[in-house]
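Below, each value reflects all heavy atoms present in this structure, side chains not excepted, and no hydrogens, waters or symmetry copies.
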Amino acid sequence: MFRLLKSGVLSLALLASLNAVVMAADPFGKTCGSFNGVVAYSNGTNGYFSNVQNSANGYSTAYKWQCAEFAARYYKLVYGMQVRGGDANSWYTSAKSKGLRSFANGGTTMPAVGDILCSNYSTGHVAIVREVGSNYIKVIQQNWANNSADNSMTLSMTFSGGKHTVAAAGSYRWQGLLRK
């Protein structure tokens with residue numbers, strides 16, 4: 001099906017079309033995946049803001065389908081905690097007011113399943129750690145790729161000098177982790 005050039009490399013046009021298919025966002029509200037029974041949804045595009053509040057068990061979790069909404073809904077449904085509030089870029093610094101402990105990226109605490117991974121880049125981003133390996137973590141999130149890739153994005157992690165560091169993803173540098 002794919003034609004290889006004499007060098008054995010796919011043509012740039014084919015690579016671009018494959019990338020477009022991989023990167024295509026699902027429509028707003030389509031299920032992207034789930035973890036521990038909590039569903040993640042597509043926001044349609046990263047720049048879209050619905051201005052529609054969502055709730056779980058009577059608790060307002062934030063605006064559909066932002067990354068912070070998923071983290072707030074996950075913590076409410078899985079741990080019974082109310083951690084909602086603020087743009088994702090403020091979550092790490094407001095950990096204590098949310099009843100959470102914070103651990104710096106590049107520190108001695110290894111990520112754990114259920115942690116919230118935080119970035120303060122621009123409006124920020126938060127994601128839930130769903131798997132931890134010796135040199136990677138996998139996260140589930142909303143409003144990143146806005147398709148099934150948000151169900152289990154793999155981020156590389158290094159361990160050196162007794163410190164664990166989750167690698168940047170694009171322009172997002174990770175501040176650290178929040179834990180119940």
Side-chain angles (χ1 to χ4, degrees), residues 31-43 46 54-57 59-180:
T31 298
C32 292
S34 68
F35 182 54
N36 289 332
V38 182
V39 176
Y41 298 97
S42 171
N43 191 50
N46 290 353
N54 192 44
S55 64
N57 295 340
Y59 170 67
S60 177
T61 54
Y63 294 104
K64 293 180 176 182
W65 301 116
Q66 300 294 312
C67 62
E69 188 282 330
F70 178 73
R73 185 163 33 93
Y74 183 89
Y75 263 63
K76 175 64 176 170
L77 295 174
V78 174
Y79 302 119
M81 294 181 71
Q82 298 182 1
V83 299
R84 173 197 171 200
D87 284 341
N89 63 2
S90 71
W91 276 49
Y92 186 76
T93 57
S94 64
K96 190 173 184 176
S97 69
K98 295 177 181 301
L100 301 169
R101 295 177 294 149
S102 60
F103 301 94
N105 189 27
T108 58
T109 301
M110 184 170 183
V113 172
D115 285 351
I116 301 170
L117 181 64
C118 301
S119 169
N120 68 348
Y121 178 79
S122 184
T123 57
H125 189 70
V126 290
I128 301 292
V129 176
R130 68 178 300 144
E131 182 179 324
V132 179
S134 61
N135 62 352
Y136 72 92
I137 64 170
K138 289 188 179 188
V139 296
I140 182 169
Q141 61 205 332
Q142 285 180 165
N143 203 20
W144 184 281
N146 289 295
N147 59 32
S148 61
D150 284 347
N151 185 51
S152 190
M153 183 170 91
T154 301
L155 300 168
S156 64
M157 180 177 63
T158 59
F159 179 71
S160 177
K163 298 184 178 189
H164 303 271
T165 304
V166 178
S171 15
Y172 284 82
R173 305 284 182 266
W174 306 108
Q175 288 175 283
L177 304 159
L178 304 180
R179 185 173 293 167
K180 65 178 189 68

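Once rounded to the nearest 0.5 Å, the distance linking CH2 of W174 with CD1 of I137 reads 7.5 Å. Atom-to-atom distance recorded for W65:CH2 and S42:OG is 11.0 Å, nearest 0.5 angstrom. Between the CG atom of N46 and the CG atom of N143 there is a distance of 4.5 Å, given to the nearest 0.5 Å. Here the OG-OH distance, from S34 to Y74, works out to 10.5 Å after rounding to the nearest 0.5 Å. Taken to the nearest 0.5 Å, the OG1 atom of T109 stands 11.0 Å off from the NZ atom of K163.
Here the closest heavy-atom approach between residue N43 and residue N146 is recorded as N-OD1, 2.6 Å. When every heavy atom of Q142 is checked against every heavy atom of H125, the shortest pair comes out as O-CE1, 3.4 Å. Scanning all heavy atoms of the two residues, the minimum distance from C32 to N151 falls at O-CB, 3.4 Å. Contact detail for P111 and V132: the closest heavy-atom pair is O-CG2, 3.5 Å. For the pair L177 and V129, the tightest heavy-atom approach, listed with the atom from each and the gap, is CD2-CG2, 4.4 Å. Residues S119 and R173 share a closest heavy-atom pair of OG-O, 3.1 Å.
Residue Y121 qualifies as open at atom OH: its count of foreign heavy atoms under 6.0 Å is 12 or below.
Using a 4.5 Å heavy-atom cutoff, the side chains of C67 and Q141 are not in contact. Looking at heavy atoms from C-beta onward, Y63 lies out of side-chain contact with E69 at the 4.5 angstrom threshold. Contact check for K138 versus T154: side-chain heavy atoms found under the 4.5 Å cut-off. Counting only heavy atoms from C-beta outward, the side chains of I128 and V38 never approach each other to under 4.5 Å. In this structure, Y136 and S156 have side chains that are not in contact, with every pair of non-hydrogen atoms separated by 4.5 Å or more.
Counting only distance, with no hydrogens or angles, the side chain of T61 and the backbone of N54 share a donor-acceptor pair below 3.5 Å. Between the side chain of R73 and the backbone N or O of V39 there is at least one donor-acceptor pair closer than 3.5 Å. Using modelled atom types, one side-chain atom of R101 and one backbone atom of K180 make a donor-acceptor pair closer than 3.5 Å. Between the K64 side chain and the Y41 main chain, no donor and acceptor come within less than 3.5 Å of each other.
Residues in residues 75-95 take part in these side-chain hydrogen bond (donor to acceptor under 3.5 Å, both in side chains) pairs, two or more places apart or across chains: S60-R84. Among residues at least two apart or in separate chains, salt bridge (charged side-chain N to carboxylate O under 4.0 Å, His left out) pairs with a member in residues 108-135 are D115-R179.
In this structure, F70 has its ring center at least 6.0 angstrom away from the ring center of W144.
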